[in-house]
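Just so you know, these numbers come straight off a predicted model, no measurement behind them. Naming convention: chains lettered A, B, ... in sequence-line order (proteins, then strands); numbering from 1 in each chain.
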Protein chains: 2
Amino acid sequence: MRVVKKAEERKNEILDAADELFAQKGFDGTSTNDILEKVGIARGTLYHHFKSKEDIMDALIDRYNVLLLDGAQDIAKDKSIPVIERIVRVVMALNISNVESGSSKEIMEHIHKPQNALMHQKIQKVIVNGVPPILTEIIREGIEQGLFSTPFPYECMEMVVIYANAVFDGDMVTMTDEERGSRMLAFVCNVERLLGAESGSLMAVMAMFGGGNEGGDE
Amino acid sequence: MRVVKKAEERKNEILDAADELFAQKGFDGTSTNDILEKVGIARGTLYHHFKSKEDIMDALIDRYNVLLLDGAQDIAKDKSIPVIERIVRVVMALNISNVESGSSKEIMEHIHKPQNALMHQKIQKVIVNGVPPILTEIIREGIEQGLFSTPFPYECMEMVVIYANAVFDGDMVTMTDEERGSRMLAFVCNVERLLGAESGSLMAVMAMFGGGNEGGDE
DNA sequence: CTCCAATAGACCGACTGTCTGTCGGTAATA
DNA sequence: TATTACCGACAGACAGTCGGTCTATTGGAG
């Protein structure tokens, strides 16, 4: 049975299906046939819209990153929020949990699975290059206000983002809940040192938001 | 033509071939047939020694990591070397360039290629879990000697290793030589802050070793 | 304004080549 | 004789291709 749709609509159908399947079975574990079946289209149709299986993954990552980085930017630009609180908010926005289950519902679940090394790497790359600039701007404000003091705001943020991403979001390090907690503490203290912030100044604000959230990064 | 060899010898032949091929064409880009051909054995032989293609990669990584971490350990244990110098030496030992082209000649060239995401990830994992403990021991000595001051030596090292690994060795961030230089400078200063070391104390020792070496980590 | 033909592009599914892993059997070694 | 290294044909799965079909749109003739 032949159903014709607009290219963009079809593309999104394919991406939605791939999104879910990759989440369940990983990129390598998902065959193009799986996607075909789920969408209900023929092989040729898929390759009419995407030039390869990897092309699908790239499009998926794009779709997700726009959502993520734009959201973070919006908060970062809102100068009515105090600097430190804004940092915490941006970091929270970068956590998937907040992304309402619109189009890229479960994307975050896959990237941790060891199966999806390539996707993981690609998303990491975008985060590592996209997030620090956003945060650096806020840090600069903080420096002007005398909250922070560092000659290397960008490099600090790069370090913070890479570390948080690897440890708190990735599966690089396996931790018990206890280890996780102590690492969070150490992390906050270390960030204070890097930024030349007053000891405890970050900790205080973080505690306000505390609750379930972790302070990971992506 | 049938040639019989000891299992271990054959295994190493296979690993050597895989080593070289993965370096050239990546893991996914290398077929088992390529390996078969290069070693000059039949399919069955390969699967007699290794249970899967991925198993070959794991063995390759193992072989490499033993070389790497043991070398670093040896230096770390040599208490006749001053603490800061020893740190620099350990870091240098972790740079591939030093691994004489014995068995795992070119292993390092692949892990950067985007193709080899899985291998990259696996090696990273070993480094991130294996290197910080080694360095932490030295830091503890440094603390006793009053050189450093931090309540979180392990977490500091974890951060340092993860960052250096991602930025200086990986292809996570693309930099010009100039950016690279400024990042090195910022990195050293940041590490001094993290460790609570006197400003410039690390820089001084690093400069001694300077030359071509970069101070990356793995 | 209507109708029809031509064009673009969405869609189909059989097919190809390649790849990984298996299995029954054979030669060498201890 | 028993074990272990080795062989190569084979099965099953998968990514990507290709010739061709169907549908919607558009623009020109009537």
Trainee: Return the value, rounded to whole Å, for the distance between atom CG of Leu46(B) and atom P of dG21(C).
Mentor: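 So the two atoms are 9 Å apart, to the nearest Å.
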Trainee: Which residue, Asp62(B), Asp58(B), Asn65(B), forms the side chain to side chain donor-acceptor pair (under 3.5 Å) with Lys122(B)?
Mentor: Asp58(B)
Trainee: Side chains of residues 33-46 of chain A: which donor-acceptor pairs under 3.5 Å do they make with residues two or more places apart or in other chains?
Mentor:
| residue | atom | partner | partner atom | Å |
| --- | --- | --- | --- | --- |
| Asn33(A) | OD1 | Arg43(A) | NH1 | 3.3 |
| Asp34(A) | OD1 | Ser31(A) | OG | 3.4 |
| Asp34(A) | OD2 | Lys25(A) | NZ | 2.8 |
| Asp34(A) | OD2 | Ser31(A) | N | 3.0 |
| Asp34(A) | OD2 | Ser31(A) | OG | 3.4 |
| Lys38(A) | NZ | Glu20(A) | OE2 | 3.2 |
| Arg43(A) | NH1 | Thr32(A) | OG1 | 3.2 |
| Arg43(A) | NH2 | Thr32(A) | OG1 | 3.0 |

Trainee: Would you indicate whether Lys53(A), at its atom NZ, is surrounded by more than 12 heavy atoms from other residues, nucleotides or ligands within a distance under 6.0 Å?
Mentor: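 It does: Lys53(A) NZ has more than 12 such atoms within range.
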Trainee: Go along nucleotides 11-16 of chain D 5' to 3' and tag each nucleotide: B for a protein heavy atom under 4.0 Å from its base, S when only backbone or sugar atoms are that close, - otherwise.
Mentor: ---SBB
Trainee: Lys51(B): what forms a side chain to side chain contact (heavy atoms under 4.5 Å, CB included) with it, not counting sequence neighbours?
Mentor: Asp55(B)
Trainee: With sequence neighbours left out, what residues match Thr176(B) under side chain to side chain contact (heavy atoms under 4.5 Å, CB included)?
Mentor: Glu178(B), Glu179(B)
Trainee: Of Gly44(A) and Gly44(B), whose nearest nucleotide on DNA chain C comes first from the 5' end?
Mentor: Gly44(A)
Trainee: Select one nucleotide: of dA10(C), dC7(D), dC6(D), the one nearest the side-chain heavy atoms of Ala42(B).
Mentor: dC7(D)
Trainee: Could you list the residues that satisfy side chain to side chain contact (heavy atoms under 4.5 Å, CB included) with Glu137(A), not counting sequence neighbours?
Mentor: Arg140(A)
Trainee: Please round to 10 degrees the angle between the axis of the first five pairs and the axis of the last five pairs in the helix from dC1(C)-dG30(D) to dA30(C)-dT1(D).
Mentor: 0°
Trainee: Base, sugar-phosphate, or nothing: which does Lys6(B) touch, judged by heavy atoms less than 4.0 Å apart?
Mentor: nothing
